[in-house]
Amino acid sequence: MITLTFPDGAKRQYPAGTTGRAVVEGIAKSLAKRTVAMALDGKLTDLDEAIAHDAQIEFISRDDPRALELIRHDCAHVLAEAVQTLFPGTQVTIGPVIENGFYYDFARNEPFTPEDFPAIEAKMREIIARDKPFTKEVWSREKARQVFREKGEHFKVELVDAIPEGEDVKIYFQGDWFDLCRGPHMTSTGKIGNAFKLMKVAGAYWRGDARNPMLTRIYGTAWASEADLDRYLKQLEEAEKRDHRRLGREMDLFHFQEEGPGVVFWHPKGWTLFQELVSYMRRRIRGDYQEVNAPQILDKSLWETSGHWDWYRENMFAAQSAGDEAEDKRWFALKPMNCPGHVQIFKHGLKSYRDLPLRLAEFGIVHRYEPSGAMHGLLRVRGFTQDDAHIFCTEEQLADECLKINDLILSTYADFGFDEIVVKLSTRPEKRVGTDAMWDHAEDVMMHVLKEIEARSGGRIKTAINPGEGAFYGPKFEYVLRDAIGRDWQCGTTQVDFNLPERFGAFYIDHDGAKKTPVMVHRAICGSMERFAGILIEHYAGHFPLWLAPLQVMVCTITSDADDYAREVAAKAGRAGLRVEADLRNEKITYKVREHSLAKVPVLLVLGKREAAERTVNMRRLGSQEQRSLPLTEALELLRREAVPPDLRKTIDPSNHGEPERHLTLDGHHVVASTVA
RNA sequence: GCCGGUUUAGCUCAGCUGGUAGAGCAACCGCCUUGUAAGCGGUAGGUCGGGGGUUCGAAUCCCUCAACCGGCACCA
């Protein structure tokens with residue numbers, strides 16, 4: 001006999017080997033009907049599974065959040081059956097659940113297109129309506145191999161071979177159709193429901209390896225209810241509206257063109273935003289770091305020394321004199337990183353232990369030949385500006401430096417309203433330089449720091465390990481932030497490097513007069529300023545906080561009688577440090593309001609005869625219909641205060657709390673609450 | 001780089017089975033002096049992504065290159 005413990009704490013005895021279905025049917029017909037699977041000691045399991053040991057048991061109904069992954073997984077199976085029914089000869093491979101849905105990879109000579117979706121979806125609905133039970137069989141490896149080989153399912157044969165010895169080879173049937181699968185599944189296909197949709201087709205390498213053949217992947221989404229599906233589709237539309245490429249065009253921030261794939265043409269407004277970000281970062285590092293500037297192109301020998309030429313040559317740009325008769329035909333590489341340049345600066349002149357830690361920062365422009373398919377607006381470009389720095393320090397100083405960087409990164413993110421951060425430690429990759437002893441040591445230090453980061457945050461910062469994801473020269477921390485609509489972006493990074501200083505022969509003179517090699521830490525907060533700008537555009541949906549808005553104030557006249565006053569208002573706003581323009585065009589005020597609202601100008605000052613006579617302004621804020629009439633001087637003072645960047649608020653004017661509405665404090669830093677679209 | 005798709009006016013898009021291009025908005029010119037998300041009328045604007053081919057004839061069919069989009073792979 002075994003003892004099962006139910007969610008309400010009740011315990012009951014059953015013969016060993018009883019199935020979940022038998023248990024639930026013994027409790028209540030209605031419960032059995034609702035149940036699609038069970039959880040044994042918290043683990044999702046087929047309802048028909050025989051229960052061998054004492055366990056906590058819970059019956060999972062279809063609307064249980066845990067059932068969602070089953071719905072999606074089952075849906076993937078149904079997709080595969082539908083595809084094989086409609087397109088005989090198609091081989092199935094794998095079909096896992098992913099965030100918001102699932103996919104299934106197929107092998108077929110003719111790829112699928114979205115035009116195939118209606119037919120496939122119809123077939124899927126048919127299979128779901130048939131409501132065949134999912135039933136599991138455990139096969140021997142030989143049988144599985146043989147059956148799939150005979151069916152011409154060569155990828156499945158490979159999958160069978162990949163199952164570790166000692167693990168069952170499980171086959172799930174849904175009627176006549178079956179698939180090799182780890183499970184679990186719901187009780188029948190009918191439980192999937194109708195809240196699913198095929199989303200897109202894409203190529204994907206077999207087993208995620210570019211050396212393998214390419215399969216056709218069909219992505220789908222599936223939800224417990226139509227309402228959930230609709231909500232998800234709405235969300236996608238919302239995300240599309242915030243696409244920085246679209247907003248970049250609509251707000252006239254930047255553009256790309258054919259002659260410069262992956263390099264940005266920043267327009268005046270976009271460049272204002274960009275420079276505002278750079279200025280912010282400059283202020284944040286002032287005092288601690290020294291800013292430098294290293295050359296854009298350097299002899300390739302330097303990159304050979306650093307190791308980049310060996311490791312990343314395929315992804316580097318090289319330049320040479322263009323003249324056929326030039327006497328110097330050496331190859332120069334456009335810098336893909338700033339570190340070798342900074343090591344040269346460190347090496348110039350003798351350094352003492354008293355100089356350490358030495359922190360060299362650079363807003364360096366780097367170029368990397370990214371694969372053509374990788375480019376994506378500002379988020380992945382071939383030329384970008386890093387808010388980069390290299391810290392030369394002793395081993396004893398290393399942990400403190402990492403923690404100091406951590407403070408800078410977290411407080412910076414907080415200033416932009418990012419407060420959900422995950423710090424990941426990436427450990428040694430297969431392809432690397434340096435001894436194992438060195439890696440052991442470096443990872444040791446980093447692990448210790450990671451724990452300290454977590455402890456200091458009071459549990460607010462989550463941490464994780466990314467095995468094998470480190471840089472070739474050392475382990476690294478990656479800072480992942482979550483934006484206003486829940487998407488994660490890896491931005492900041494701290495990388496410990498025991499290699500480069502040694503490769504370049506950098507040293508300092510220690511207490512005892514001996515030469516010692518410093519440890520180098522690479523660090524970036526925004527990472528790529530271009531990318532960070534893109535993330536901010538999407539995060540704020542173009543509705544920037546006043547200090548970042550490229551154009552902060554638009555003065556709009558209602559009639560030409562207010563023109564002189566409008567010029568005066570704009571001039572005064574400009575003198576108050578605000579970025580302002582005046583719209584004196586002969587247009588209706590509704591027209592102007594619409595146009596500047598679409599351009600996402602945060603503040604409209606509307607001026608008519610009345611305002612000119614009374615020396616007031618009528619203020620309208622982006623995203624609100626509210627009109628607020630106030631004296632000119634008062635309005636300008638209000639806006640001037642609000643436009644103070646978050647880092648300066650505390651230092652310059654402690655009494656200034658900026659926007660009265662929606663601000664919160666995190667670790668003592670001002671946070672601009674997420675702006676809604 | 002790989003798979004699939006797309007590329008027509010500044011922007012968003014139409015153009016069926018091949019018969020030398022069309023709308024809305026924007027721009028420009030007038031009229032309207034206007035009170036918080038589109039006043040009215042007119043004018044101009046395109047080597048249909050580049051190159052090659054098939055054809056009496058190509059935006060339309062084929063080849064090729066490029067850029068972009070969605071994924072995959074990559075991301076020092």
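Here is the naming used below: chain letters follow the sequence lines, and residue numbers restart at 1 for every chain.
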So, does the side chain of [X] form a donor-acceptor pair with the base of [N] at under 3.5 Å?
X         : N      : answer
Tyr205(A) : G1(B)  : yes
Ser560(A) : U33(B) : yes
Arg531(A) : C75(B) : no

What nucleic acid atoms does [X] come within less than 4.0 Å of, heavy atoms only: base, sugar-phosphate, or nothing?
X         : answer
Asp209(A) : nothing
Tyr103(A) : nothing
Leu215(A) : nothing
Glu587(A) : base
Tyr591(A) : sugar-phosphate
Arg620(A) : base
Gly208(A) : sugar-phosphate
Ala202(A) : base
Ile558(A) : base
Lys592(A) : nothing
Pro111(A) : sugar-phosphate
Glu611(A) : base

On a whole-Å scale, what distance lies between the [atom1] atoms belonging to [N] and [M]?
N      : M      : atom1 : result
C25(B) : A38(B) : C1'   : 10 Å
C31(B) : G70(B) : C1'   : 49 Å
G19(B) : A23(B) : C1'   : 22 Å
G15(B) : A59(B) : C1'   : 9 Å

Should the pair Lys476(A)-Glu478(A) be classified as a salt bridge under the 4.0 Å nitrogen-to-oxygen rule?
yes
Note: Glu568(A)-Arg615(A) ion pair, threshold 4.0 Å (strictly below):
yes
If the cut-off is 4.0 Å, is [X] near the phosphate of [N], judged by side-chain N/O to OP1 or OP2?
X         : N      : answer
Arg245(A) : G70(B) : yes
Thr590(A) : G39(B) : yes
His596(A) : U36(B) : no
Arg249(A) : U12(B) : yes

Do any side-chain atoms of residues 377-393 of chain A form donor-acceptor pairs under 3.5 angstrom with protein atoms, and if so which ones, sequence neighbours left out?
residue, atom, partner, partner atom, Å
Arg380(A), NE, Glu370(A), OE1, 3.4
Arg380(A), NH2, Glu370(A), OE1, 2.8
Arg382(A), NE, Glu370(A), O, 3.0
Arg382(A), NH2, Glu370(A), O, 2.8
Thr385(A), OG1, Glu530(A), OE2, 2.9
Gln386(A), OE1, Asn338(A), ND2, 3.2
Asp387(A), OD1, Ile525(A), N, 3.4
Asp387(A), OD1, Cys526(A), N, 3.2
Asp387(A), OD1, Gly527(A), N, 2.9
Asp387(A), OD2, Ile525(A), N, 3.2
Asp387(A), OD2, Cys526(A), N, 2.7
Asp388(A), OD2, Asn338(A), ND2, 2.8
His390(A), ND1, His342(A), ND1, 2.8
His390(A), NE2, His522(A), ND1, 3.1

Please give the nucleotide sitting opposite C2(B) as a Watson-Crick or G-U wobble pair, both distances under 3.5 Å, or none.
G71(B)
Parallel, tilted or perpendicular: ring planes of Phe472(A) versus Trp311(A), cut at 30 and 60 degrees
parallel
Step-by-step salt bridge (charged side-chain N to carboxylate O under 4.0 Å, His left out) determination, Glu238(A) to Lys241(A):
CA-CA 5 Å; Glu238(A) 276 308 308; Lys241(A) 278 190 209 148; 3.2 Å; yes
